[in-house]
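Below you'll find the structure, written out as structure tokens, and then a few comments.
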Number of protein chains: 2
Amino acid sequence: MSSIHITARCPIRTTLELVGGKWKLLILFQLFNGPLRLTGLKKSIPDISEKMLIQELKTLADSELVSRKNFGEVPPRVEYTLTEKGKAAMPLIEAMRDFALRYERKME
Amino acid sequence: MSSIHITARCPIRTTLELVGGKWKLLILFQLFNGPLRLTGLKKSIPDISEKMLIQELKTLADSELVSRKNFGEVPPRVEYTLTEKGKAAMPLIEAMRDFALRYERKME
DNA sequence: CTGCATCCTTCACGATACTG
DNA sequence: CAGTATCGTGAAGGATGCAG
């Protein structure tokens with residue numbers, strides 16, 4: 001564990017680049033319950049703007065954490081699914097939840 | 001686990017507010033090895049600016065993840081230590097490391 | 001429905017100089 | 001050594017309108 005060194009490219013920074021920011025982890029978390037379309041995601045994360053949602057989905061797809069499937073129908077139908085790499089974020093999200101809960105518990 | 005709902009105050013967002021951003025987790029991680037002074041931290045995170053370091057330490061202290069001890073000496077001597085709440089971030093950092101390593105492994 | 005383009009605001013972050 | 005003050009920049013995020 002002490003084998004992590006703070007350099008230009010350490011695991012912590014890699015993860016921050018992949019899922020850092022305000023939205024990516026929330027999006028990934030929503031997709032754990034199964035594939036969702038843009039509208040479904042928008043509903044489950046009410047306060048994200050459409051622009052940010054599409055933008056983040058694109059970067060998540062670029063880093064292969066999410067896959068985008070276009071059904072080529074009319075009206076358009078596009079489905080977003082977690083990839084294997086994306087599913088690997090589950091323990092991370094659990095750790096975040098545990099941290100927050102423990103933090104709030106100790107606030108008393 | 002599916003008990004996390006994306007609301008204004010969900011655990012994920014709480015954690016993002018506490019340790020989100022570019023530097024806080026890196027600082028916490030450095031303090032796992034023991035207390036450090038400002039200069040020591042600066043050396044272990046070479047590319048952080050002095051301003052950001054002090055600023056982040058202050059918010060970490062405000063949220064009680066880090067404690068600041070001023071020895072009141074001359075020249076100044078101030079030591080930063082992880083609190084119990086701060087130590088609770090360890091599993092989070094480990095999860096981030098695991099995620100990054102697994103991600104890179106699957107890149108081959 | 002999905003997505004792009006634009007314009008705009010905010011703020012995280014950074015560079016530098018200065019103080020006790 | 002530790003910290004403050006100031007100024008500046010770029011990126012992140014947001015609002016809105018338009019298009020296939």
Side-chain angles (χ1 to χ4, degrees), chain A residues 6-8 10 12-28 30-31 34-63 65-81, chain B residues 6-8 10 12-13 15-31 34-63 65-81:
Chain A
I6 307 297
T7 58
C10 71
I12 301 180
R13 283 184 162 145
T14 299
T15 299
L16 286 177
E17 283 172 18
L18 287 171
V19 299
K22 196 173 174 180
W23 300 114
K24 294 196 193 70
L25 278 168
L26 295 176
I27 295 174
L28 289 180
Q30 286 307 314
L31 294 177
L36 280 176
R37 300 173 62 177
L38 197 68
T39 314
L41 278 168
K42 180 88 187 72
K43 279 178 196 159
S44 60
I45 313 176
D47 53 351
I48 192 174
S49 72
E50 203 176 68
K51 175 199 163 189
M52 286 311 296
L53 183 52
I54 294 176
Q55 179 177 304
E56 298 292 72
L57 281 168
K58 186 174 296 183
T59 75
L60 286 172
D62 285 347
S63 45
L65 295 173
V66 161
S67 73
R68 177 183 183 279
K69 179 171 185 183
N70 189 337
F71 287 82
E73 299 175 359
V74 145
R77 180 180 167 201
V78 175
E79 211 172 69
Y80 293 94
T81 316
Chain B
I6 306 296
T7 58
C10 72
I12 301 180
R13 280 184 163 145
T15 299
L16 286 176
E17 283 172 17
L18 286 171
V19 298
K22 195 173 172 181
W23 299 114
K24 295 200 193 66
L25 278 168
L26 295 177
I27 295 174
L28 289 180
F29 176 66
Q30 285 308 312
L31 294 176
L36 279 176
R37 300 172 62 177
L38 197 69
T39 314
L41 278 167
K42 180 89 187 71
K43 278 178 197 160
S44 61
I45 312 176
D47 52 352
I48 192 175
S49 72
E50 203 175 71
K51 174 199 164 189
M52 287 310 296
L53 183 52
I54 294 176
Q55 180 177 303
E56 298 292 74
L57 281 169
K58 186 173 295 183
T59 76
L60 286 172
D62 286 347
S63 45
L65 296 173
V66 161
S67 74
R68 177 184 182 279
K69 180 172 186 183
N70 189 339
F71 287 81
E73 300 176 359
V74 146
R77 179 178 167 201
V78 176
E79 210 172 71
Y80 292 94
T81 317

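Just so we're on the same page: letters track the sequence lines, and every chain starts at 1.
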*Heavy atoms, side chains only, cut-off 4.5 Å: are A/Arg13 and A/Ile6 in contact?*
yes
*Using a 4.5 Å cut-off on heavy atoms from C-beta on, say whether the side chain of A/Leu16 contacts that of B/Lys22.*
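Heavy-atom side-chain distance check fails, nothing below 4.5 Å.
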*Between C/dG3 (P) and A/Leu53 (CG): distance, integer Å*: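 One finds 9 Å between P of C/dG3 and CG of A/Leu53, rounded.
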_Integer-rounded Å distance: C/dA12 P and B/Glu17 CD_ = 11 Å
*Could you walk me through whether A/Leu26 and A/Ile48 pass the side-chain contact (heavy atoms from CB on, under 4.5 Å) test, one step at a time?*
CA-CA 10 Å; A/Leu26 295 176; A/Ile48 192 174; over 6 Å; no
*Check every nucleotide of DNA chain D for an atom under 4.0 Å from a heavy-atom of chain A, then give the first and the last such nucleotide from 5' to 3'.*
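Answer, 5' to 3': D/dG13 to D/dG20.
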*Passes side-chain contact (heavy atoms from CB on, under 4.5 Å), A/Leu28 versus A/Leu60? Steps please.*
CA-CA 9 Å; A/Leu28 289 180; A/Leu60 286 172; 4.2 Å; yes
*Does B/Lys24 come within less than 4.0 Å of B/Glu56, counting only side-chain N to carboxylate O?*
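Yes, B/Lys24 and B/Glu56 are salt-bridged.
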*Kindly give the heavy-atom pair with the smallest separation between A/Arg37 and A/Pro76, and that separation in Å.*
NH2-O, 3.3 Å
*Give the minimum heavy-atom separation between A/Trp23 and A/Asp47, together with the two atoms involved.*
CH2-O, 3.5 Å
*Could you state the interatomic distance from CG (B/Leu57) to OG (B/Ser67), rounded to the nearest 0.5 Å?*
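The CG atom of B/Leu57 sits 11.0 Å away from the OG atom of B/Ser67.
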Are any protein N/O atoms closer than 3.5 Å to N/O atoms in nucleotides 13-16 of chain C? If there are, list each pair with its distance.
residue, atom, partner, partner atom, Å
C/dC13, OP1, B/Lys22, N, 3.1
C/dC13, N4, B/Lys51, NZ, 3.1
C/dG14, OP1, B/Lys22, NZ, 3.1
C/dG14, OP2, B/Trp23, NE1, 3.1
C/dG14, N7, B/Lys51, NZ, 3.0
C/dG14, O6, B/Lys51, NZ, 2.3

*Listed in order of residue number, which residues of residues 69-80 of chain A have a non-hydrogen atom at under 4.0 Å from DNA chain C?*
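By residue number: A/Pro76, A/Val78, A/Tyr80.
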*Select base, sugar-phosphate, or nothing to describe what A/Lys42 touches, counting heavy atoms under 4.0 Å on all strands.*
nothing
*Verify side-chain contact (heavy atoms from CB on, under 4.5 Å) between B/Thr15 and A/Leu25, making sure each step is shown before the conclusion.*
CA-CA 11 Å; B/Thr15 299; A/Leu25 278 168; over 6 Å; no
*side-chain contact (heavy atoms from CB on, under 4.5 Å) between A/Leu53 and A/Lys42: does it pass, once the steps are laid out?*
CA-CA 8 Å; A/Leu53 183 52; A/Lys42 180 88 187 72; 4.2 Å; yes
